[in-house]
Amino acid sequence: MTRDLPRGSVACMSQVRTRFAPSPSGFLHLGGARTALFNYLFAKRHGGSFVLRIEDTDRERSSDEFVRAILDGLQWLGLTPDEGPFFQSKRQDVYDRRIAELLEAGAVYHCFCSAEALDAKRKQAQADGTKYLYDRTCRELGRRPDAGESAVLRFKMPLEGETVVRDLVRGDVTFNNAELDDLILVRSDGSPTFHLVVVIDDIEMGITHILRGEDHLTNTPRQVRIFEAFSVEPPAYGHLPLIVGQDRARLSKRHGATAVDAYREQGFLPSAVINYLARLGWSHGDQEIFTGQQLEQLFDVDSVGKSASAFDMEKFGWVNFEHMRALEDAELADAVVPYLAERGETEQPREYLAAAVAQLKERAKTLVELAESLHYFVSDELRFDAKAVGKFLDDDGRAHLQTLHDELAQVDPWTAEQVEATLRVVVEREGLKLGQLAQPARVALTGGTVSPGIFELCAVLGRERTLARLAAAAAGAAAA
RNA sequence: GGCCCCUUCGUCUAGUGGUUAGGACGUCGGCCUCUCACGCCGAAGACACGGGUUCGAGUCCCGUAGGGGUCACCA
């Protein structure tokens with residue numbers, strides 16, 4: 001009805017421009033991050049531009065703190081805008097100009113109804129169980145406010161007919177115009193509202209495609225009409241399914257962390273967050289793991305699903321695991337450094353840390369877990385597990401450790417292979433099973449019963465640490 | 001409540017009229033093994049329901065149910 005330009009033929013469009021337009025009234029949460037991601041990917045995929053716009057027209061709720069949090073979050077995720085951030089609070093002159101246009105064209109009218117009166121009508125309708133729509137008492141008044149009189153500007157919505165939203169993910173969605181009421185576009189203090197600034201900025205910034213949450217779907221027919229009032233063809237819209245919690249309710253604080261920053265704290269890699277978010281509502285055959293670069297090449301709006309998807313921490317953890325082990329040891333070592341510092345561990349040579357990380361990376365789902373499991377590699381103050389000590393560092397165990405210590409002291413060069421050969425010799429000679437020697441040694445070296453293979457463990461720890469810990473355990477140091 | 005959207009294993013999903021309905025996470029069992037992991041092998045597990053259309057429906061149409069979104073001088 002409103003648009004009959006062919007849409008969807010993305011390739012023909014001269015220049016794709018998408019945008020992410022958060023309002024700084026909260027931190028960057030997963031839903032917002034995914035919206036930003038899809039717009040980013042869509043732009044990259046089509047060689048276009050990704051614009052960042054901060055919608056801070058509501059001065060009451062906006063804060064610099066949230067602006068910074070959103071910017072930080074996007075930066076951490078690597079969703080760098082090609083243009084922006086633009087702040088709507090600094091664009092009043094642009095809006096004033098456009099408001100004048102609307103007035104000129106007779107697309108809006110002054111409304112003198114007080115907020116209190118409207119509120120009362122709304123409550124009344126609610127009490128009667130009927131739908132509330134602004135009753136348009138001022139629509140035909142045709143007068144301007146007198147000096148000192150306050151008024152808002154409302155949009156003249158068509159009274160009949162319908163508006164069709166041609167949605168990239170849902171197809172055509174038809175709305176009855178009688179359901180749309182005359183929106184307030186300019187507040188009595190002269191500031192523009194959401195619907196107006198969105199449309200003006202999307203026009204001014206040349207936005208061609210808008211991917212946003214499904215919660216905006218009912219806003220779209222209204223905005224489409226505003227575009228029409230400006231005689232501008234609206235951009236193509238795609239309404240993304242919402243992310244919900246395990247209980248199918250909208251994702252909220254109840255479902256754990258919401259700000260993306262919380263996932264950084266929990267030890268998730270940004271590439272894993274990107275990967276997981278991309279797969280929530282979008283798919284590419286059977287592929288689960290994607291690099292950012294792959295996503296930029298493969299993302300397409302046709303493969304975006306229609307139904308809400310539930311956030312699943314288990315799978316998210318697995319995705320993070322996959323991304324962690326895809327990293328080079330040295331990269332992973334660098335990534336875990338801040339988490340070690342957080343735990344008060346002392347700094348280690350990068351090479352040593354990389355070797356230790358190589359042993360542990362298939363045993364941790366997050367950087368936090370990795371840092372935790374790194375303890376016995378980076379500290380000599382072992383935390384002994386009493387149960388393990390009791391079980392393996394008994395008289396027999398300690399005696400075996402002393403023997404092992406003495407044999408290991410002869411090993412040269414100090415390699416996993418040499419250590420293994422030595423252990424096997426001792427096992428053979430003493431008539432033990434490997435476990436009878438390896439387990440006490442593991443407790444002596446790590447404080448517990450869980451670790452990488454004993455030979456590799458010794459090799460990475462090095463001769464000095466290994467011998468010292470074995471000697472200490474043999475002497476009964478752990479028992480205390 | 002009005003309007004709008006959605007509905008394949010517990011979860012993320014593949015599927016575009018003909019498939020033993022595939023994969024992944026998770027779960028369970030086994031193998032590997034010096035512990036824990038990783039890896040490998042295997043198992044259980046889904047088309048919300050009811051009508052059509054069709055030789056044949058997860059796929060198309062209608063309805064029902066369930067879930068969700070939205071109804072501000074917020075965005």
Side-chain angles (χ1 to χ4, degrees), chain A residues 21-26 55-58 60-62 88 111 113-115 118-119 122 125-126 128-133 150-154 165 167 169-170 173-176 178-181 183-189 191-195 197-198 213-221 239 241-242 244 246 248-250 276 279-289 303 305-319 321 325 359-364 373 388 392 420 423 427 433-443 446 448-455 457:
Chain A
S23 80
S25 52
E55 308 221 326
D56 56 352
T57 53
D58 183 354
E60 300 271 299
R61 300 191 212 199
S62 302
Q88 291 185 324
C111 170
C113 299
S114 72
L118 293 173
D119 219 42
R122 193 176 300 119
Q126 202 168 24
D128 297 348
T130 60
K131 177 181 174 62
Y132 172 79
L133 267 183
S150 85
V152 300
L153 237 33
R154 284 186 184 270
V165 172
D167 192 285
V169 342
R170 277 153 226 282
V173 183
T174 306
F175 294 86
N176 201 322
E179 300 285 338
L180 314 174
D181 65 359
L183 300 168
I184 292 176
L185 258 30
V186 180
R187 301 185 185 97
S188 47
D189 68 358
S191 64
T193 60
F194 166 70
H195 288 285
V197 290
V198 165
E214 192 188 351
D215 51 341
H216 282 288
L217 185 52
T218 53
N219 287 330
T220 305
H239 291 90
L242 265 19
V244 298
Q246 300 88 321
R248 290 270 136 198
R250 199 174 186 160
Y276 181 70
R279 277 290 286 104
L280 221 42
W282 174 84
S283 63
H284 181 70
D286 284 341
Q287 190 172 347
E288 297 286 351
I289 301 300
S303 299
K306 292 181 171 67
S307 53
S309 25
F311 175 75
D312 180 7
M313 198 63 184
E314 294 290 342
K315 185 151 187 178
F316 189 19
W318 173 76
V319 171
F321 168 77
R325 64 178 196 160
Q359 297 299 317
L360 258 15
K361 66 176 175 180
E362 291 190 340
R363 295 171 166 82
S373 66
F392 295 109
E420 174 166 7
L423 257 86
V427 161
K433 290 196 168 184
L434 184 54
Q436 290 176 285
L437 184 58
Q439 283 299 79
R442 176 168 285 112
V443 177
T446 70
T449 56
V450 173
S451 88
I454 198 76
F455 320 128
L457 179 63

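Note that these values count all heavy atoms, side chains included, but never hydrogens, waters or copies made by symmetry. Each chain gets a letter, A, B and so on, in the order the sequences are listed, and its residues count up from 1. Being a predicted model, the structure only gives us computed values, none of them experimental.
Within the nucleic acid shown, A/Phe316 has no heavy atom closer than 4.0 Å to any nucleic acid atom. Contact annotation for A/Phe392: no contact, since no heavy-atom pair falls under 4.0 Å across all strands. Residue contacts shown for A/Ile454 include a base, since a base heavy atom lies under 4.0 Å away. Residue contacts for A/Thr57: at a heavy-atom cut-off of 4.0 Å it reaches the sugar-phosphate backbone alone, with no base atom in range. Within the 4.0 angstrom heavy-atom criterion, no nucleotide atom of any strand lies near A/Asp119. A/Pro452 comes within 4.0 angstrom of a nucleotide base, judged by non-hydrogen atoms across all strands. The residue A/Glu314 sits close only to the backbone: its heavy atoms come under 4.0 Å of sugar-phosphate atoms, none of a base. A/Arg61 comes within 4.0 angstrom of a nucleotide base, judged by non-hydrogen atoms across all strands. Base engagement by A/Thr449 is indicated by at least one non-hydrogen atom pair under 4.0 Å involving a base atom. Within the nucleic acid shown, A/Gly305 has no heavy atom closer than 4.0 Å to any nucleic acid atom. Nucleic acid contact for A/Val173: sugar-phosphate only, since backbone atoms but no base atoms lie under 4.0 Å from a heavy atom of the residue. Heavy atoms of A/Ser23 sit under 4.0 angstrom from primed sugar atoms or phosphate atoms, though from no base atom. In this structure, A/Thr174 reaches the sugar-phosphate backbone alone: every heavy-atom distance under 4.0 Å involves primed, P, OP1 or OP2 atoms, never a base. At a threshold of 4.0 angstrom between heavy atoms, the contacts of A/His195 include nucleobase atoms, whether or not backbone atoms are also involved.
For B/rA75, its base sits under 3.5 Å from the side chain of A/Asn219 at one donor and acceptor pair at least. Interface remark: the A/Gln246 side chain does not form any donor-acceptor pair with the B/rG10 base, using a distance-only criterion of under 3.5 Å. In the interface, the side chain of A/Ser188 is paired with the base of B/rC73 through a donor and an acceptor atom under 3.5 Å apart. Donor-acceptor pairing under 3.5 Å, judged by distance alone, is present between the side chain of A/Arg363 and the base of B/rC36.
Across B/rG51 and B/rG22, the matching P atoms stand 26 Å from one another, rounded to whole Å. Taking atom P in both B/rC62 and B/rC5, one finds a spacing of 12 Å when rounded to whole Å. Nucleotides B/rG23 and B/rC60, compared at atom P, are 24 Å apart to the nearest Å. The same atom, P, is picked in B/rC12 and in B/rG50; the two are 23 Å apart, to the nearest Å. Comparing B/rA65 with B/rA48, their C1' atoms sit 8 Å apart, to the nearest whole Å. Nucleotides B/rA14 and B/rU70 place their P atoms 25 Å apart, quoted to the nearest Å. Here, B/rC25 and B/rA46 have their C1' atoms 16 Å apart, quoted to the whole Å. Separation of the P atoms belonging to B/rG15 and B/rG52 is 30 Å when rounded to the nearest angstrom.
Across every non-hydrogen atom of A/Glu179 and A/Leu133, the tightest pair is O-CD2, 3.7 Å.
Distances shown here put every side-chain N or O of A/Arg248 at or beyond 4.0 Å from the OP1 or OP2 atom of B/rG10. The side chain of A/Ser451 places no N or O atom within less than 4.0 Å of a non-bridging phosphate oxygen (OP1 or OP2) of B/rU35. The phosphate of B/rG23 has neither OP1 nor OP2 within less than 4.0 Å of any side-chain N or O from A/Arg279.
Comparing A/Thr218 and A/Val450 by the nucleotide of RNA chain B whose heavy atom lies nearest to each, the residue mapping closer to the 5' end is A/Val450. A residue-by-residue look at A/Ala151 and A/Ala438 shows that A/Ala438 has its nearest nucleotide of RNA chain B further toward the 5' end.
Remark: B/rC55 base-pairs with B/rG18; criterion is Watson-Crick or G-U wobble with both hydrogen-bond distances under 3.5 Å. Pair assignment for B/rC32: none, as no Watson-Crick or G-U wobble contacts are both less than 3.5 Å.
Between the side chain of A/Ser191 and the backbone N or O of A/Arg187 there is no donor-acceptor pair closer than 3.5 Å.
The side chain of A/Leu217 has B/rC5 as its nearest neighbour among B/rC5, B/rC34, B/rU13.
Remark: A/Leu434 CG to A/Ile454 CD1 distance equals 8.5 Å, nearest 0.5 Å. Between the CD atom in A/Gln439 and the OG atom in A/Ser451 there is a gap of 8.0 Å [rounded to 0.5 Å].
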